Amino acid sequence: MVFDGNLSLKVYDLLKKIPRGKVTTYSEIAKVLGNMNLARAVGNTLNRNPDLVSVPCYRVVRSDGSVGGYKLGCGKKIELLESEGVEIKDGRIDCLEAYLFCFKGQ
DNA sequence: ACGACGGCCCTCG
DNA sequence: ACGAGGGCCGTCG
């Protein structure tokens with residue numbers, strides 16, 4: 001398994017639960033994992049483990065709504081999100097609340 | 001074991 | 001609204 005790290009396992013698991021057309025944020029994941037400061041580590045992990053097929057990394061955006069980064073380029077990320085129905089304006093999601101997926105209670 | 005980055009976040013001028 | 005600074009965490013060389 002390429003999922004050696006403990007963190008990546010959890011992150012990946014969460015991402016798999018996100019339905020098409022929905023997104024989440026690095027901080028949300030971090031919170032769910034217990035520590036909001038994990039946000040940076042989460043991004044780092046996703047970057048080092050670009051399992052683009054098994055995990056929809058592109059469904060993770062920044063807390064302010066901006067798409068954030070992507071291993072294959074933020075442009076590609078935006079492209080993918082839009083193809084799922086997420087409206088992005090100037091590299092930013094207008095109504096993040098509308099697309100944000102809630103892990104809490106899942 | 002150590003230091004340096006990174007798909008970040010939040011607060012304060 | 002915008003920019004700068006500080007902080008915390010994991011992975012890689």
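Chain letters run A, B, ... following the sequence lines, proteins first, then strands; residues in each count from 1. On a predicted model such as this, the values are computed, not experimentally measured, just so you know.
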A.B. asks: Categorize A:A39 for me: base, sugar-phosphate, or nothing, with a 4.0 angstrom heavy-atom threshold over every strand shown.
C.D. replies: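 It contacts sugar-phosphate atoms only.
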A.B. asks: Should A:Y58 and A:E84 count as side-chain neighbours, where that means a heavy-atom distance under 4.5 Å?
C.D. replies: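 Side-chain contact under 4.5 Å: yes.
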A.B. asks: Return the nucleotide paired to C:dC8: Watson-Crick means purine N1 to pyrimidine N3 with N6-O4 or O6-N4, wobble means G-U with N1-O2 and O6-N3, both under 3.5 Å.
C.D. replies: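 The answer is none; no pair meets the criterion.
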A.B. asks: Looking across every strand, which nucleic acid part, if any, lies under 4.0 Å from A:V60 by heavy atom: base, sugar-phosphate, or nothing?
C.D. replies: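 If one applies the 4.0 Å heavy-atom cut-off, A:V60 turns out to touch a base.
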A.B. asks: Apply side-chain hydrogen bond (donor to acceptor under 3.5 Å, both in side chains) to the pair A:R48 and A:N44, showing each step before the final yes or no.
C.D. replies: CA-CA 6 Å; A:R48 306 294 182 186; A:N44 196 355; 3.2 Å; yes
A.B. asks: Just how far, in rounded Å, is C1' of B:dC8 from CG of A:N37?
C.D. replies: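 The distance from CG of A:N37 to C1' of B:dC8 comes to 10 Å, rounded to the nearest Å.
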A.B. asks: Rounded at 0.5 Å granularity, tell me how far CD1 in A:I29 sits from CG in A:L46.
C.D. replies: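 With rounding to 0.5 Å, CD1 (A:I29) is 6.5 Å from CG (A:L46).
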A.B. asks: Nearest to the A:R62 side chain among B:dG6, C:dC8, B:dC9, which nucleotide is it?
C.D. replies: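 Given the options B:dG6, C:dC8, B:dC9, the side chain of A:R62 is closest to B:dC9.
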A.B. asks: Students often get this wrong, so: under 4.0 angstrom with heavy atoms, is A:N35 touching a base, only sugar-phosphate, or nothing?
C.D. replies: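 Here A:N35 touches the backbone only, sparing every base.
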A.B. asks: How many Å lie between CG on A:L9 and P on C:dT11, as a whole number?
C.D. replies: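 Rounded to whole Å, this separation is 10 Å.
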A.B. asks: How close or far is atom C1' of C:dC12 from atom NZ of A:K71, stated in whole angstroms?
C.D. replies: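 In whole Å, C:dC12 C1' lies 13 Å from A:K71 NZ.
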A.B. asks: Rounding to an integer number of Å, can you tell me how far A:K10 NZ sits from C:dG10 C1'?
C.D. replies: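 After rounding, the reported distance stands at 12 Å.
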A.B. asks: Nearest-Å distance, CZ (A:R40) to P (C:dT11)?
C.D. replies: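 In whole Å, C:dT11 P and A:R40 CZ are 15 Å from each other.
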A.B. asks: Can you check the A:N6 CG to C:dC9 C1' distance for me, whole Å?
C.D. replies: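 To the nearest whole Å, that distance equals 13 Å.
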A.B. asks: Between A:R48 and C:dC12, is there a side-chain N or O to OP1/OP2 distance below 4.0 Å?
C.D. replies: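 Answer no for this pair, as no side-chain N or O of A:R48 is under 4.0 Å from OP1 or OP2.
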A.B. asks: Below 4.0 angstrom from OP1 or OP2 of B:dC9, is there any side-chain N or O of A:S63?
C.D. replies: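 Indeed, a polar side-chain atom of A:S63 lies that close.
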A.B. asks: What I'd like to find out is whether the side chain of A:Y70 reaches to under 4.5 Å of the side chain of A:L52, using heavy atoms alone.
C.D. replies: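 Touching, per the 4.5 Å side-chain cut-off.
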A.B. asks: Has the side chain of A:Y12 got a donor or acceptor atom that lies under 3.5 Å from a matching backbone atom of A:N49?
C.D. replies: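 Checking the backbone N and O of A:N49 against the side chain of A:Y12, a donor-acceptor pair under 3.5 Å is found.
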A.B. asks: For A:N44 and B:dA4, what is the distance between atoms CG and P respectively, to the nearest whole Å?
C.D. replies: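 Going from CG in A:N44 over to P in B:dA4 covers 16 Å.
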A.B. asks: In terms of the nearest nucleotide of DNA chain B, which residue is placed more toward the 5' end: A:V61 or A:A41?
C.D. replies: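 It is A:A41 whose nearest nucleotide is closer to the 5' end.
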A.B. asks: Could you check how far CE of A:M36 sits from P of C:dC8, rounded to whole Å?
C.D. replies: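 Going from CE in A:M36 over to P in C:dC8 covers 12 Å.
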